[in-house]
Protein chains: 2
Amino acid sequence: MPKATPQTRIQKKNTDAILEAALEVFSANGFRGATVDMIANEAGLSKPNLLYYFASKEAIHAAVLERLLGTWLDPLRALEPAGDPLLEIVGYMHRKLDLARDYPRESRLFANEIVQGAPRILTILQTDLKDLVDEKAKVIAAWSAAGRITPVDPYHLIFSIWSMTQHYADFDVQVHAILGGDHDPYPDARRYLETLFTRMLRP
Amino acid sequence: MPKATPQTRIQKKNTDAILEAALEVFSANGFRGATVDMIANEAGLSKPNLLYYFASKEAIHAAVLERLLGTWLDPLRALEPAGDPLLEIVGYMHRKLDLARDYPRESRLFANEIVQGAPRILTILQTDLKDLVDEKAKVIAAWSAAGRITPVDPYHLIFSIWSMTQHYADFDVQVHAILGGDHDPYPDARRYLETLFTRMLRP
DNA sequence: GCGCATTTTGACCACTTGGTAAAACCTACG
DNA sequence: CGTAGGTTTTACCAAGTGGTCAAAATGCGC
């Protein structure tokens, strides 16, 4: 396997192609449903060539997840205690909905992983994610207690933002099966969710 | 393969055991992640013996899905046009939340299938499910138009009920990673969702 | 307990899959 | 050039997988 830090042009190009291909294949098929051959093919490499860059299928998966985790948590990090409560929460919902629209594969990758018990990222959920959520839940609880929004359970508020926004990425085929294939659900979803959170939270 | 209709005692016992085992294994691993051996083992049979009752892995999967579909759609079917709008919608949410709590494996089975593009049930989504949703969306739209609830997009209202309730089954490990493993989230979830829908929909 | 249909098993097969070894091939740089 | 380091390919396992088959074992009505 090539050295980690000093990347040649070719290494950079190929690892990028592999990670992009792996995202495509893992998100569409899950970890077990994906094969190294599929990923290699999608990346335009032979299987042994791919395994020259990553030691194993597990290693590719781990690399893809690691690269994504930051992006995935950023919208929640940006929730500002100093801001206007309702605008902050609705803004967070908007950012998550945009993420679902613009990065559906990333959303499905996490969905696949978590639905099957998160065997490879459970630790991260219990540490990094939990810490972040605990911190922001305190902020929301303070807004509740101060009467600036309706009193609500902050954890379940966050769960509801996650579930409703990610639904449009993860269950995309079902949404399109019901609305019709050519219909873009996001504008309507945005309006609906704005109404929902505004009416629920306005004190 | 044994005859379809005239089931002997042994056939009944074994097919039941297989379907139960298949639900367990498919919901935890997805279609491709599950192996016929796993299912046979879980059912207490040998692999060839299992394949004496079902022609193939696909056939087992199809049988499990078919058996579940009815149960899964019943809560929406029970939405009564003649009832009180808010009570009907909150009632539907309750039934879905109970389903998530009492039948998490069934929920995860569908989640696995749909996240990966629903290759085996797309047709059903586009026909049976769509027809049912269209019908109930009309009911909700009529309530909206009559001013009996806040004007909302009925389709996205239904999506939000699905996503928030199923979240507690499908993303169970994540919920527990954040709330702590021994915490039962359902009572709080119920209260939160009641507040949410009541405040959003009350005219 | 007999005879027949049902059920179960053990051995097996073809194919896929993750991964390896070593040789062949580039390619930057002196 | 030429050669050293990086890259790619060819050929190949060993394990796992879905599925088959004929023979053995079991149930069951009489």
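A, B, ... follow the sequence lines: proteins, then strands. Residue 1 opens every chain.
For the residue pair P75(A) and Y92(A), the shortest heavy atom distance occurs at O-CD1, 3.4 Å. A pairwise comparison of heavy atoms in V173(B) and I114(A) identifies CG2-O, 3.4 Å as the closest pair. L76(A) and V133(A) make their closest contact through CD2-CG2, 4.0 Å (heavy atoms, listed as atom of the first residue, atom of the second, distance).
Rounded to a whole Å, the CZ atom of F54(B) is 17 Å from the C1' atom of dT8(C). To the nearest angstrom, P of dT9(C) lies 8 Å from CG of L45(B). One can place CG of N29(B) at 11 Å from P of dG18(D), the figure rounded to the nearest angstrom. In this entry the distance linking CG of L50(A) with C1' of dT8(D) reads 12 Å, nearest Å. Atoms NZ (K13(B)) and C1' (dT6(C)) sit 13 Å apart, rounded to a whole Å.
Evaluation of the side chain to side chain donor-acceptor pair (under 3.5 Å) test over residues 77-91 of chain A, restricted to residues two or more places apart or in two chains, returns D74(A)-R77(A). Sorted by first then second residue, the side chain to side chain donor-acceptor pair (under 3.5 Å) pairs that include residues 185-201 of chain B, not counting sequence neighbours, are T150(A)-R199(B), S160(A)-Y192(B), H94(B)-E194(B), D188(B)-R191(B). Pairs of residues two or more places apart, or lying in two chains, that qualify as salt bridge (charged side-chain N to carboxylate O under 4.0 Å, His left out) and include a residue from residues 118-128 of chain A are E113(A)-R120(A).
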Q) For DNA chain C, what string of dots and brackets results from 5' to 3' when Watson-Crick and G-U pairs need both distances under 3.5 Å, crossing pairs get [ ], and pairs with another strand get |? A) ||||||||||||||||||||||||||||||

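Applying the side-chain contact (heavy atoms from CB on, under 4.5 Å) criterion to A21(B), with sequence neighbours excluded, gives I39(B), E42(B), A43(B).
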Q: Can you check each nucleotide of nucleotides 16-30 of chain C against protein heavy atoms at under 4.0 Å and return B for base, S for sugar-phosphate only, - for none, in 5' to 3' order?
A: -SBBBB------S--

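Checked by atom type, the side-chain pair D98(A)/Y103(A) shows no donor-acceptor distance below 3.5 Å.
OP1 or OP2 of dT7(D) has not a single side-chain nitrogen or oxygen of N49(A) nearer than 4.0 Å. Close to dT9(D), at under 4.0 Å from its OP1 or OP2, lies a side-chain N or O of S46(A). One finds no side-chain N or O of Y52(B) lying less than 4.0 angstrom from the OP1 or OP2 phosphate oxygen of dT9(C). OP1 or OP2 of dT6(C) has not a single side-chain nitrogen or oxygen of N14(B) nearer than 4.0 Å.
The side chain of Q11(B) sits closest to dT7(C) out of dT9(C), dG6(D), dT7(C).
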**Q.** Working for salt bridge (charged side-chain N to carboxylate O under 4.0 Å, His left out), residues K138(B) and D134(B)
**A.** CA-CA 6 Å; K138(B) 277 207 190 89; D134(B) 280 343; over 6 Å; no

